[in-house]
Amino acid sequence: YLQKTKLQTAVDAAALAGAQSLRGSTANARDAANQYMLNNGIATTATITFAESNSKIIVTVSQNVPTYFLRVIGTKTVAVGVTAMALNSGGGGGAFDYAIFYGATSGSPQTSGNNIIKGSIHSNSNFNIWGSPKITGNVEAVGKIQTGGGQQVGGSIIQNASAIDMPDYSSVLKAAAQQAGKTYSGNQTLGGSGGDGSYTLDGTTYVKGNVTLNGITNISSTGAILADGSITINSDVRVTGAQSSDKQVCFYSANGDITVGSTPSLSGIIYAPNGTVTIGGNLNLTGCIVAKYINFWGSPNINRTDFSIT
C-alpha cells in the first residue's frame, strides 16, 4: 500500500508537470512528465497518451515493487499499476491559468454547493471539495485535498503540487493610468453613465482609495480598474461587454479585498493578490478568480475554459 501511494503521488505530479508543458507541444509534455518521474526516483518507463484535442495528458506506470509479509509464501514482488490525468485549459500563464487560484500558504478554501467550474483549481495551501460541484479540470493543492464524495472532477485530484507565485502588475498598470490621465485620489464610485447603464473603461483606471461599482450593465472597451484599497461590486452590476478577446476587464485590488454581491453576472478577471475575494451569492463569472484568500458564501459558477486571456 505504501509503495503504491508513493508511486501514485509521483505519477500525479508527473502528469501535472506534463500538462503545464502542453502549451508547447505533446513532445514537451512527454519529456516533462518523464523527467519529473526520474527526479522522484521512478525509473520505470511510463505510458503517456493524450486526449481532448491534446489538452489532457494521461500517465500510466506499472512497476514491480518489493513485498514484506508475502515473502513468507515465496512472493518477493508484486506488480502495481497507477494512472493519473491532468488537463491544461490554456490561459495567460501561471496563476491566471486557473478558474480559481488561492495564493496563501495557509487556510483551506472550499467549494460548498452545486458549483460548475469550467477549468482547473490551484491552492498554495489545502483545498476542500464539499457539496456536489462539477469541475472540468484538475484540482491541485500544495497541501491536502479533502472531498465529500459528491464531486465530479474531469481532470485529476493532485496533492503535494508545486507552489505557484502570485504575480504583481500594479506598477505597470499605475504607470499606464498616469500616462493616460486616469489617476484619481480618494474613494470613487463608478456607475452606469449612459442611459443604458453602460460605462466606458477604455484602458486602465487607477484609484488611490476604494472603488464601488453600482448600476453598471455593460463595460465597453478593455482595461483594468486598479484600486490601492478595496473593490465592491454590487449585485446590480452586469459586465457583459468583456466576453470577447478584445474586450476584457480586470478588477484589481492591489492591497485590499474584493467583495462581489449576491447575483451579478461578470466577464473578466477578479484579482486581489494581497487580500480576500468574497463571493456573496450565485455569481456567474466568465473568467477567473486569483487572490491570496477566497471565501464563497454561495455557489458561484466560473467558466475559465471559454475565457481566453490576451
Side-chain angles (χ1 to χ4, degrees), residues 8-9 11-13 15-20 22-23 50-59 83-92 94-104 107-164 260 265-270 277-279 281-291 293-309:
Q8 183 70 67
T9 299
V11 173
D12 284 344
L16 180 59
Q20 291 173 340
L22 273 172
R23 285 188 293 274
F50 302 92
E52 298 184 19
S53 300
N54 291 334
S55 66
K56 178 184 284 187
I57 183 172
I58 304 165
V59 181
T83 297
M85 297 178 291
L87 185 73
N88 186 313
S89 58
F96 295 97
D97 278 345
Y98 298 89
I100 299 171
F101 180 90
Y102 181 92
S108 298
Q110 64 185 43
T111 61
S112 58
N114 298 320
N115 315 63
I116 298 175
I117 309 297
K118 295 184 68 176
S120 296
I121 297 171
H122 176 90
S123 169
N124 277 343
S125 180
N126 305 307
F127 197 85
N128 298 329
I129 310 175
W130 303 143
S132 300
K134 181 178 180 181
I135 302 165
T136 65
N138 306 321
V139 181
E140 57 188 62
V142 173
K144 301 298 182 182
I145 298 175
Q146 298 188 64
T147 62
Q151 72 279 351
Q152 300 179 53
V153 179
S156 293
I157 296 176
I158 302 171
Q159 302 182 105
N160 303 314
S162 298
I164 298 175
V260 182
S265 178
L266 304 177
S267 186
I269 301 167
I270 299 175
V277 169
T278 299
I279 306 298
N282 299 325
L283 168 71
N284 288 308
L285 172 66
T286 301
C288 59
I289 298 174
V290 178
Y293 300 100
I294 300 173
N295 291 324
F296 291 142
W297 298 113
S299 297
N301 298 317
I302 303 171
N303 181 356
R304 174 65 183 84
T305 301
D306 298 324
F307 188 83
S308 178
I309 297 176

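As the structure is a computational prediction, the values presented were derived from the model and not from experiment. We number each residue from 1, following the sequence as shown.
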[X] side chain to [Y] main-chain N or O, any donor-acceptor pair under 3.5 Å?
X	Y	answer
N301	N284	no
S108	F127	no
S120	V139	no

Would you give the length of the straight line joining atom [atom1] of [X] to atom [atom2] of [Y], rounded to the nearest 0.5 angstrom?
X	Y	atom1	atom2	result
I302	L283	CD1	CG	6.5 Å
E140	N124	CD	CG	9.5 Å
F296	T111	CZ	OG1	8.5 Å
S299	N115	OG	CG	4.5 Å
Q151	N128	CD	CG	11.0 Å
I279	I289	CD1	CD1	4.0 Å

(request) Answer yes or no: is there a side-chain heavy-atom contact under 4.5 Å between K118 and D306? (result)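 Yes; the side chains approach each other to less than 4.5 Å.
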Grab the two heavy atoms, one from [X] and one from [Y], that are nearest each other, plus how far apart they are.
X	Y	result
I145	I129	CG2-CD1, 4.1 Å
F307	G287	CG-CA, 3.6 Å
D12	A84	OD1-CB, 3.1 Å
A141	S125	CB-O, 3.4 Å
P109	I294	CB-O, 4.3 Å
K144	Q159	CA-OE1, 3.2 Å

(message) Here's a test for you: under ring pair (Phe, Tyr, Trp, His ring centres under 6.0 Å), which of Y102, F96, Y98 qualifies with H122?
(response) Y98
